Amino acid sequence: MLDKNGIAKCIARELKDGYYVNLGIGIPTLVANYIPEGINVTLQSENGLLGMGPFPYEGEEDPDLINAGKQTITTLPGSAVFDSALSFGMIRAGKVDLTILGAMEVSENGDIANWKIPGKMVKGMGGAMDLVASAKNIIVAMQHVNKAGESKLLPKCTLPLTGVGCVKKIVTELCVMEVLPEGGFKLLERAPGVSVEEIKKATLGKLIIEGDIPEMVLS
Amino acid sequence: MLDKNGIAKCIARELKDGYYVNLGIGIPTLVANYIPEGINVTLQSENGLLGMGPFPYEGEEDPDLINAGKQTITTLPGSAVFDSALSFGMIRAGKVDLTILGAMEVSENGDIANWKIPGKMVKGMGGAMDLVASAKNIIVAMQHVNKAGESKLLPKCTLPLTGVGCVKKIVTELCVMEVLPEGGFKLLERAPGVSVEEIKKATLGKLIIEGDIPEMVLS
Amino acid sequence: MNKIIANADEAVRDVQDNQTLMVGGFGLCGIPENSISALVKKGVKGLTCISNNAGVDDFGLGLLLQHKQIKKMISSYVGENAEFERQLLSGELEVDLIPQGTLATRCMAAGYGMPAIFTPAGVGTEVAIGKEVRNFNGKDYLLEYAFEADFAFVKAWKGDAHGNLIFRSTSRNFNPLMAMGGKITIAEVEHLVPVGELDPDQIHTPGIYVHRIFQGSNYEKRIEQRTVRPRV
Amino acid sequence: MNKIIANADEAVRDVQDNQTLMVGGFGLCGIPENSISALVKKGVKGLTCISNNAGVDDFGLGLLLQHKQIKKMISSYVGENAEFERQLLSGELEVDLIPQGTLATRCMAAGYGMPAIFTPAGVGTEVAIGKEVRNFNGKDYLLEYAFEADFAFVKAWKGDAHGNLIFRSTSRNFNPLMAMGGKITIAEVEHLVPVGELDPDQIHTPGIYVHRIFQGSNYEKRIEQRTVRPRV
């Protein structure tokens with residue numbers, strides 16, 4: 001079973017040299033801590049920055065320099081700043097190679113719901129709908145089940161959608177799954193110590209298991 | 001009868017303090033020489049400059065600094081440079097107060113033809129179609145008749161159009177005319193020494209003459 | 001060409017009840033602090049505000065909410081704000097939630113003279129309800145209309161009497177887009193500099209889009225999520 | 001993130017016959033001189049060039065015309081060029097004339113992920129033939145599609161290994177727009193500077209749009225219409 005950092009570490013293996021990556025709030029943000037050595041990745045923050053650096057040292061916070069989660073950050077040599085329209089322009093144009101974000105539900109055809117729970121105060125979709133509608137490659141980082149113990153991997157989302165047929169891969173505390181173009185969650189890897197049976201039990205949508213499912217190896 | 005500089009001088013009276021103005025090639029360019037005292041006007045060059053200054057002194061030409069006519073120019077304090085899309089964006093958004101350009105023909109409903117003569121080598125419309133489709137106020141500066149002695153003020157243009165129903169005012173060597181919303185060239189002023197009869201003779205489109213037509217006074 | 005006005009009160013002098021305002025900034029970053037204060041002081045009511053966020057309880061647009069001056073918010077993300085939630089639940093406040101990129105692009109569209117744009121954001125979701133869907137090259141897009149506002153309020157780092165603006169770091173965000181979308185655009189700047197001091201190549205918003213500019217004062221520049229790393 | 005390549009020949013190595021190229025510049029101002037020379041040397045044929053102009057007889061795209069490498073020009077204004085006229089009249093060369101603002105915006109649209117845009121330019125003229133006309137707020141607009149090119153060639157003043165670009169004065173023109181419209185974008189720069197030297201706030205084209213960058217050489221920067229005023 002993976003903790004949040006484990007999920008982040010697992011996703012970080014997907015990063016390729018030269019990638020431009022947009023990281024959502026929560027677990028996705030942690031991916032930045034596990035970028036493999038020798039791999040150069042540029043982080044895009046959709047409020048208008050390419051080349052997001054680490055948090056500033058205390059006392060060096062700049063109120064004019066924040067990320068999309070409104071956290072104080074830093075730039076790096078080679079950073080570029082731009083307005084919000086160009087930021088989503090480059091996202092829509094498919095220039096961002098990988099988007100990693102959280103979800104409340106994912107359906108077996110790749111639909112994602114992560115912005116609204118009917119009956120609860122709705123804060124808004126922020127940039128999530130733009131990102132999922134545009135990114136070439138979307139990986140969801142989330143817990144396999146919700147707090148009530150119900151599967152978040154469903155035949156069909158029950159919550160209002162953020163995007164349709166867009167999720168390519170899902171990493172949870174239990175496993176890594178690929179969403180197949182024809183539908184279904186194809187099990188790729190098990191988290192350390194997690195059995196296929198446990199994954200089956202926690203997955204309500206169509207789970208596709210072909211051959212032996214290897215346990216992942218995280219360095 | 002006005003010469004080219006006279007036409008430019010006459011049009012310059014239309015300039016108001018604070019105006020952003022786009023000047024076409026030819027007579028319109030001369031308008032910049034007659035901006036009334038106390039009137040501040042900012043010239044827009046559609047290749048991407050606000051605040052176009054005069055030609056450079058010899059030896060100070062900068063190949064990176066040209067106007068839409070590809071002439072070497074200068075900037076002024078307060079100039080701003082931008083790309084071609086933003087340049088036409090501000091034109092389309094109606095931020096340019098006045099556009100002055102030449103024409104081969106103007107029709108009595110304000111259509112303009114100034115880019116193409118069938119059978120002759122066509123160089124292109126450049127930015128003219130964008131300008132005439134977008135500007136709030138378009139003044140045409142041209143000769144009243146063509147080289148063959150035929151009127152350029154017509155019931156209907158015979159040449160391929162640049163824009164439809166867009167010309168507001170026309171200044172020729174003979175007179176100043178307004179294009180009425182309901183159609184027709186309303187005669188506003190005669191050039192010095194030009195009679196109404198001469199203007200009538202040179203105008204093929206519907207000329208509207210109401211009351212006494214004053215002779216213009218140019219300082 | 002002198003667009004300089006004395007101060008924020010003078011800047012908002014003709015804002016009327018029930019008008020639509022664009023307000024720049026992302027979270028509390030790059031918001032027109034002085035103009036917001038002046039709008040509170042002026043007490044205009046029934047405002048529709050187009051702004052990515054709605055401030056916090058006691059800062060940013062939260063100040064206008066506190067005084068019940070806002071009728072409707074058009075935003076992508078709201079609610080770091082208890083008063084906002086109260087007004088929303090009680091029905092005093094309307095909220096239109098719009099994807100962030102759509103919001104940015106609709107503001108930009110006005111400044112580019114484009115009456116509408118196509119975006120894939122929201123296709124197949126409740127955002128698409130009632131909207132025209134059109135397929136280009138096998139992908140569906142929504143038709144979304146340009147935004148225009150009676151007034152746009154933006155905050156820049158530097159500006160001059162012509163209205164030319166330069167923004168600093170990520171406080172740029174929505175500001176240049178909204179500067180282009182106002183029928184009247186009002187810029188407050190940290191540094192009002194003499195004409196000629198700004199490099200023409202470095203101007204983010206050409207002055208043609210700006211109608212009034214003033215030297216702001218007492219910038220608080222509050223930080224919403226202060227995050228730091230330990231010194232090693 | 002190192003996008004630096006050795007030179008122009010290396011930059012154009014995989015350009016194929018019959019591909020579509022965007023070529024930045026307005027007249028001879030801001031054209032990618034080195035890349036054009038390398039394309040001449042490589043001898044690729046049947047090119048479709050999207051470029052505001054077509055150069056002069058012995059410079060700019062005129063060089064590619066001279067060697068009969070261009071099949072089609074997509075431009076707003078052409079013909080300061082005898083060889084161009086000859087090829088056009090003989091039917092060797094196709095030309096699509098497009099309003100300048102439409103051309104610029106169609107290039108930009110690709111970089112903004114917008115499949116099409118609306119513009120009033122050309123409504124009621126022969127440019128509108130066969131195009132969809134749509135009325136917004138009482139005004140007619142044409143639907144025009146985004147341009148994409150196999151390669152975009154741009155010329156910047158400064159650039160770094162990440163592909164970030166800064167343009168100088170009006171040599172900016174179409175360059176940033178075409179930089180966004182290339183499937184592969186190749187930038188040549190007068191000054192290739194170390195990463196970190198460019199101010200993030202002053203970058204005109206963020207590196208994400210640029211795939212290859214090289215230090216250009218021997219810039220001629222020819223002036224098409226030298227105009228001066230007398231010293232008094």
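Each chain gets a letter, A, B and so on, in the order its sequence line appears, and its residues count up from 1. Everything numeric here is computed off the predicted structure, so don't read it as measured data.
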| query | If you count the non-hydrogen atoms of other residues, nucleotides and ligands that lie under 6.0 Å from CG in B:Leu159, is the total more than 12? | reply | yes

| Taking it one step at a time, do D:His204 and B:Val81 satisfy side chain to side chain contact (heavy atoms under 4.5 Å, CB included)? | CA-CA 11 Å; D:His204 297 130; B:Val81 172; over 6 Å; no

| field | Point-to-point distance, once rounded to the nearest 0.5 Å, from CG of D:Asn173 to CG of B:Asp83 | value | 9.0 Å

| Are the side chain of D:Arg231 and the backbone N or O of B:Glu58 linked by a donor-acceptor pair below 3.5 Å? | yes

| said: Heavy-atom count check: over 12 atoms from other residues, nucleotides or ligands less than 6.0 Å from B:Lys168 NZ? | reply: yes

| Salt bridge or not for D:Lys221 and B:Glu61, using N-O below 4.0 Å? | no

| query | In terms of heavy-atom proximity below 4.5 Å to chain D, should B:Val122 be classed as side chain, backbone, both, or neither? | reply | both

| query | How about B:Lys136: does its NZ atom have over 12 heavy atoms from other parts shown lying under 6.0 Å from it? | reply | yes

| Once you round to the nearest 0.5 Å, how far does OG of B:Ser87 lie from CZ of D:Phe26? | 9.0 Å

| Rounded distance [0.5 Å steps], CG in B:Asp111 versus OG1 in D:Thr125 | 11.0 Å

| said: Between D:Ser76, D:Ala104, D:Ala121, who has the most heavy-atom pairs with chain B when the cutoff is under 4.5 Å? | reply: D:Ser76

| Non-hydrogen atoms of B:Gly69 and D:Gln225 that approach each other most closely | O-CG, 3.6 Å

| remark: With chain D, the option among B:Pro54, B:Ser134, B:Gly48, B:Gly163 that has the most non-hydrogen atom pairs under 4.5 Å is B:Pro54

| said: Enumerate the salt bridge (charged side-chain N to carboxylate O under 4.0 Å, His left out) contacts for residues 148-166 of chain B, please, sequence neighbours excluded, ordered by first and then second residue. | reply: none

| Point-to-point distance, once rounded to the nearest 0.5 Å, from CG of B:Leu86 to CZ of D:Arg172 | 8.5 Å

| task | Using side-chain contact (heavy atoms from CB on, under 4.5 Å) as the criterion, point out the one residue from D:Thr227, D:Leu28, D:Asn53 that pairs with B:Lys70. | result | D:Asn53

| said: Please check: side-chain N/O of B:Thr72 versus main-chain N/O of D:Arg226, any donor-acceptor pairing under 3.5 Å? | reply: no

I'd like a table of donor-acceptor pairs (distance under 3.5 Å, sequence neighbours excluded) in which one partner is a side-chain atom from residues 123-130 of chain B, with atom names and distances.
residue  : atom : partner  : partner atom : Å
B:Lys123 : NZ   : D:Glu80  : OE1          : 3.3
B:Asp130 : OD1  : D:Gly101 : N            : 3.2
B:Asp130 : OD1  : D:Thr102 : N            : 3.2
B:Asp130 : OD2  : D:Gln100 : N            : 3.1
B:Asp130 : OD2  : D:Gly101 : N            : 2.9

| message | Ignoring hydrogens, what is the shortest heavy-atom contact between D:Cys29 and B:Ile66? Give both atom names and the distance. | response | CB-CD1, 3.5 Å

| request: Identify which part of D:Val123 has an atom lying under 4.5 Å from any heavy atom of chain B, answering side chain, backbone, both or neither. | output: backbone

| message | Using side-chain heavy atoms (C-beta onward) and a distance below 4.5 Å, is B:Ser45 in contact with D:Thr170? | response | no

| task | Could you tell me which portion of D:Arg229 (side chain, backbone, both or neither) has an atom closer than 4.5 angstrom to a non-hydrogen atom of chain B? | result | both

| Looking at side-chain heavy atoms only, is the closest gap between D:Leu97 and B:Trp115 below 4.5 Å? | yes

| message | Restricting to non-hydrogen atoms, name the atom on D:Lys139 and the atom on B:Ala133 that form the minimum distance, rounded to 0.1 Å. | response | NZ-O, 2.7 Å

| said: Heavy-atom cut-off 4.5 Å, strictly under: side chain, backbone, both or neither for D:Glu190 against chain B? | reply: side chain

| task | Could you look at B:Phe55 and say if it's the side chain, the backbone, both or neither that has a heavy atom under 4.5 Å from chain D? | result | both

| field | Options D:Glu224, D:Arg106, D:Arg168, D:Arg222, ranked by heavy-atom pairs under 4.5 Å with chain B, top entry | value | D:Arg168

| task | Looking only at non-hydrogen atoms, find the nearest pair between D:Thr119 and B:Arg92 and report the distance. | result | OG1-CD, 3.6 Å

| request: Taking atom CE of B:Met121 as the centre, report whether more than 12 heavy atoms of other residues, nucleotides or ligands fall under 6.0 Å from it. | output: yes

| remark: Pair count under 4.5 Å, heavy atoms only, with chain B: among D:Asn52, D:Val95, D:Ile98, highest is D:Ile98

| query | Where does D:Phe167 contact chain B at under 4.5 Å (heavy atoms): side chain, backbone, both or neither? | reply | neither

| field | D:Asn135 atom CG: more than 12 heavy-atom contacts under 6.0 Å | value | yes

| Which atom names give the shortest non-hydrogen contact between B:Leu65 and D:Ser169, and what distance separates them? | CD1-OG, 3.4 Å

